[in-house]
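For this chain, numbers begin at 1 and follow the sequence in order. Order of appearance sets the numbers: ligands from 1, and atoms from 1 within every ligand.
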Amino acid sequence: MRVLLNEPLAKHGFWRVGGPLERFVIAESVEELRALPAIDHVIGNGSNLLVPDAGLRGTTVRLGGALRDVMVLAESGDEVTLRVGGGLLNAVLLQRMEKLGLGGLGCLAGVPGTMGGAVAMNAGTALGEIAACLLAVHGLHGERLSRADLPMRYREGGLPEGFVVVAADLRCTRAGVGEERAKIAEHLLRRKATQPLDLPSCGSVFRNPPGDYAGRLIESCGLKGWRHGGASISDKHGNFIVNLGGATAADVMTCIRTAWDTVRREHGVHLIPEVHVLGEWPEGVWPLPE
Ligand SMILES: Cc1cc2nc3c(=O)[nH]c(=O)nc-3n(C[C@H](O)[C@H](O)[C@H](O)COP(=O)(O)OP(=O)(O)OC[C@H]3O[C@@H](n4cnc5c(N)ncnc54)[C@H](O)[C@@H]3O)c2cc1C
């Protein structure tokens, strides 16, 4: 186990902003996690998180070591069940699956998080979402929740409050792997052309409202390229906020609030954030008004 005191989230999160984590623990096993007196926050790869410049109090954990393992649990015909550690990166999982000749998790291609983060967010793309292949999740104290126990919705994993995903069981397949790879390649090219992947961001900031796109709404308010300090609403994609260099968490939050307030005023649409905002923010800034 590694324990770092006052470790800046800016070193770990994708936006490269955020203040010190009072006690940052990288746990290598379930036993180490269980031995902690408290777990106040769990983070994955930090690709969907905003933490204030003042940082986070208490203990924040990240899963490492054996919590990043992957194993074959069962096989039947073309169907293969994998048990994947909550700390494993999606990109590493997809590489391992490629070596095993497996497909079925193309929805995680290009999503730069971990398995725990993917379940917590019900991560997905135009190729589907993880809810469709998730069989069960395993918690810190041996609890097992089946997919049917989780009220998963668009970008919502439905995990009980405080549940730490130490592993997830996923349905994969040996069928149609070549076709899936071709779709992934096409999908990744499309993303590269439409998203600002060369600058630090946390991907889409807001969920798409029913029948519309958050990016379209933000763009129609003339906000593409709108800038505050070192952060900007991307001029390439209205639903991305990027760090142009030297941004603070407060700069990113100002961009989020400007987009949210303007879309509500001009379109009457109450956007729901996809990004998870943690910690204490000044009153009136966060949480968003009802
Ligand atoms: C360039 C870019 C593109 C992206 N594209 C997509 C996309 O196409 N589709 C998509 O869905 N997302 C996308 N994202 C957002 C992000 O990658 C996903 O939401 C991802 O699933 C977050 O995983 P993470 O491990 O980074 O979680 P973090 O950002 O570290 O945490 C997110 C949430 O998950 C919780 N969490 C993390 N690990 C665990 C665990 N083990 N147990 C319980 N809770 C946990 C955290 O507490 C937090 O609430 C993108 C992000 C970037 C930067």
Region of [X] engaging ligand 1 - heavy atom pairs below 4.0 Å:
| X | result |
| --- | --- |
| L278 | neither |
| H41 | neither |
| V166 | neither |

Donor-acceptor pair, distance only, cut-off 3.5 Å: does the side chain of [X] make one with the backbone of [Y]?
| X | Y | value |
| --- | --- | --- |
| R155 | F206 | no |
| R147 | A131 | yes |
| R207 | P209 | no |
| H237 | N239 | yes |
| E7 | F24 | no |

Counting from 1, what ligand 1 atoms have a heavy atom of [X] closer than 4.0 Å?
| X | value |
| --- | --- |
| A123 | 11 (O), 21 (O) |
| F163 | 42 (N), 43 (C) |
| L49 | 28 (P), 29 (O), 30 (O), 31 (O), 48 (C) |
| L197 | 1 (C) |
| A118 | 21 (O) |
| P112 | 2 (C), 3 (C), 4 (C), 17 (O), 50 (C), 51 (C), 52 (C), 53 (C) |
| L63 | 41 (N) |
| T114 | 23 (O), 24 (P), 25 (O) |

Taking the minimum heavy-atom distance to atom 9 (N) of ligand 1, which of G124, S47, G157, A126 ranks first?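 Minimum heavy-atom distance to atom 9 (N) of ligand 1 goes to G124.
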
Taking distance alone, with no angle check, do [X] and ligand 1 share an N/O pair under 3.5 Å?
| X | result |
| --- | --- |
| V42 | yes |
| S201 | no |
| T125 | no |
| V165 | yes |
| R155 | yes |
| A120 | no |
| V164 | no |

Is the [atom1] atom of [X] crowded by more than 12 outside heavy atoms at less than 6.0 Å?
| X | atom1 | answer |
| --- | --- | --- |
| Y213 | OH | no |
| E266 | CD | yes |
| K183 | NZ | no |

Any idea which protein heavy atom is nearest atom 5 (N) of ligand 1, and the distance to it?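 Going atom by atom, the protein heavy atom closest to atom 5 (N) of ligand 1 ends up being R191 NH2, 2.8 Å.
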
Looking at atom 33 (C) of ligand 1, what's its closest protein heavy atom, distance included?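 For atom 33 (C) of ligand 1, the nearest protein heavy atom is H276 ND1, 3.5 Å.
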
Non-hydrogen side-chain atoms of E156 and N122 separated by less than 4.5 Å: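 Not touching, per the 4.5 Å side-chain cut-off.
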
Would you say T254 and W226 make side-chain contact, with heavy atoms under 4.5 Å?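 They are in side-chain contact.
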
Applying the side chain to side chain contact (heavy atoms under 4.5 Å, CB included) criterion to I184, which one of L127, L105, L189 satisfies it?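 The side chain to side chain contact (heavy atoms under 4.5 Å, CB included) with I184 is passed solely by L127 among L127, L105, L189.
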
Output a table of donor-acceptor pairs, distance under 3.5 Å, between side-chain atoms of residues 32-41 and any protein atom two or more places apart or on a different chain; print 'none' if there are none.
from	atom 1	to	atom 2	distance (Å)
E32	OE1	M1	N	3.4
E32	OE1	E28	N	2.8
E32	OE2	M1	N	3.2
R34	NE	L140	O	2.7
R34	NH2	L140	O	3.2
D40	OD2	T59	N	2.7

In residues 65-80, what donor-acceptor pairs under 3.5 Å come from side-chain atoms, sequence neighbours left out?
from	atom 1	to	atom 2	distance (Å)
R68	NE	L63	O	2.8
R68	NE	G87	O	3.4
R68	NH2	L63	O	3.1
E75	OE1	R174	NH2	2.9

